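Every value quoted in this text rests on a predicted model; they were computed, and no experiment measured them.
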Amino acid sequence: MLCALITALALLLPTAAEPQNLDASPAYDTQAEQRLLELTNQERQKAGAPALQPDPGLTEAARQHAVLIASKGELSHQVPGEPPLMKRLSKASPHLNDAGENVAFDSDVDQAHQGLMHSPGHRGNILNPKFNVVGLGAVRVGDTVYITQDFGHKVQNYPVAEAENRVADAITRTRTNRGGPRLRRVQ
């Protein structure tokens, strides 16, 4: 329960963990990442929210952030010298129009997840029905796993011609519904 309380207060209080000297190629805990995806999607299913799809770019961003917080031995959404969240995530995964992040640490992934679910802000990110993609990063240092969950809403990317047609169709529908005259389309 103490770890859950620490996780819930992560945004308010720095942790007392010692900074870690991680080597150049940290070991990501892919089993922990997979378990987090399962737990997250189970919670979303219970809440009637659609399942999150793993996004390779967000996964890379989450892993990089997990390494940073593990190396500092503290929970933070922005480590000094790191770009702000939206800039970081939109670079990693283009076509996002919304994003959120959870960070946690614990000795056990299931306990970390429970701690996040008991924190209203973190729970809100996990259950946000607008989010459709996720990147998960888990880095183990000794008996502690540092976790970053990067959430996003990825919009569909259309080829230029299709995007132009969709916009033109939407304008035509709106004008028709409001009794306006049809416009002639020009390039």
- Task: Considering non-hydrogen atoms only, spot the tightest contact between Ala70 and Val141 and give its length.
- Result: CB-CG2, 3.9 Å

- Please examine the side chains of Ser107 and Thr144, heavy atoms only from C-beta on, and report whether any two atoms are closer than 4.5 Å. no

- Task: Evaluate the side-chain proximity of Ile69 to Val79: yes if any heavy-atom separation is below 4.5 Å, no if none is.
- Result: yes

- Item | Nearest heavy atoms of Gly152 and Leu96, plus distance in Å | CA-CD2, 4.1 Å

- Message: Going by side chain to side chain contact (heavy atoms under 4.5 Å, CB included), name the residues that satisfy it together with Gln78, two or more places apart in sequence or in a different chain.
- Response: Glu82, Pro84

- Mind checking what makes side chain to side chain contact (heavy atoms under 4.5 Å, CB included) contact with Arg173, not counting sequence neighbours? Asp169, Ala170

- Task: Starting from the C-alpha separation in whole Å, work towards a yes-or-no answer on side-chain contact (heavy atoms from CB on, under 4.5 Å) for Val109 and Val145.
- Result: CA-CA 7 Å; Val109 173; Val145 61; 4.2 Å; yes

- Pairwise side-chain hydrogen bond (donor to acceptor under 3.5 Å, both in side chains) hits with a residue in residues 43-54, at least two apart: Glu43-His113

- Item | Gap between atom CG of Leu58 and atom NE2 of His65 - 0.5 Å precision | 13.5 Å

- Check: Ser71 side chain, Leu68 main-chain N or O, donor-acceptor pair, under 3.5 Å: yes

- Task: Check whether any side-chain heavy atom of Ile171 sits under 4.5 Å from a side-chain heavy atom of Leu183, and report yes or no.
- Result: yes

- Query: What pairs with Arg175 under salt bridge (Lys or Arg N to Asp or Glu O under 4.0 Å), at least two apart in sequence or on another chain?
  - Reply: none

- Note on the structure: Rounded to the nearest 0.5 Å, the CG atom of Asp55 sits from the CG atom of Leu136 at a distance of 10.5 Å

- Message: For Thr172, give me all partners under side chain to side chain contact (heavy atoms under 4.5 Å, CB included), at least two apart in sequence or on another chain.
- Response: Thr176, Arg182

- Query: Is there any salt bridge (Lys or Arg N to Asp or Glu O under 4.0 Å) pair reaching into residues 90-103, and which pairs are they, with sequence neighbours excluded?
  - Reply: Arg88-Glu101

- Would a hydrophobic clustering, with Ile, Leu, Val, Met, Phe, Trp and Tyr connected at side-chain separations under 4.5 Å, put Val67 with Leu85? no

- Distance, nearest 0.5 Å, that separates OG1 of Thr59 from CD of Gln64: 11.0 Å

- Task: Test side-chain contact (heavy atoms from CB on, under 4.5 Å) on Phe151 and Leu89 and set out the steps.
- Result: CA-CA 9 Å; Phe151 303 94; Leu89 298 187; over 6 Å; no

- Just grab all the salt bridge (Lys or Arg N to Asp or Glu O under 4.0 Å) pairs involving residues 107-121, residues at least two apart or on different chains. Arg35-Asp110

- Name all residues meeting the side chain to side chain contact (heavy atoms under 4.5 Å, CB included) criterion together with Val155; count only those two or more places apart in sequence or in a different chain, and write none if there are none. His95, Asn97, His153

- Message: Any non-hydrogen side-chain atom of Ile147 less than 4.5 Å from a side-chain atom of Phe105?
- Response: no

- Item | Taking every non-hydrogen atom, the tightest pair across Ala138 and Ala66 | N-CB, 4.4 Å

- Item | Point-to-point distance, once rounded to the nearest 0.5 Å, from CD of Gln31 to CZ of Arg140 | 9.5 Å

- For Asn125, what residues pass the side-chain hydrogen bond (donor to acceptor under 3.5 Å, both in side chains) criterion, not counting sequence neighbours? Asn102

Distance-only check: which donor-acceptor pairs under 3.5 Å involve side-chain atoms of residues 126-134, not counting sequence neighbours?
| residue | atom | partner | partner atom | Å |
| --- | --- | --- | --- | --- |
| Asn128 | OD1 | Lys130 | N | 2.8 |
| Asn132 | OD1 | Lys154 | N | 2.8 |
| Asn132 | ND2 | Lys154 | O | 3.1 |

- Is Val186 isolated, or which residues cluster with it under the ILVMFWY side-chain rule of less than 4.5 Å, directly or via members? none

- So which pairs with a foot in residues 56-69 pass salt bridge (Lys or Arg N to Asp or Glu O under 4.0 Å), sequence neighbours left out? Glu33-Arg63

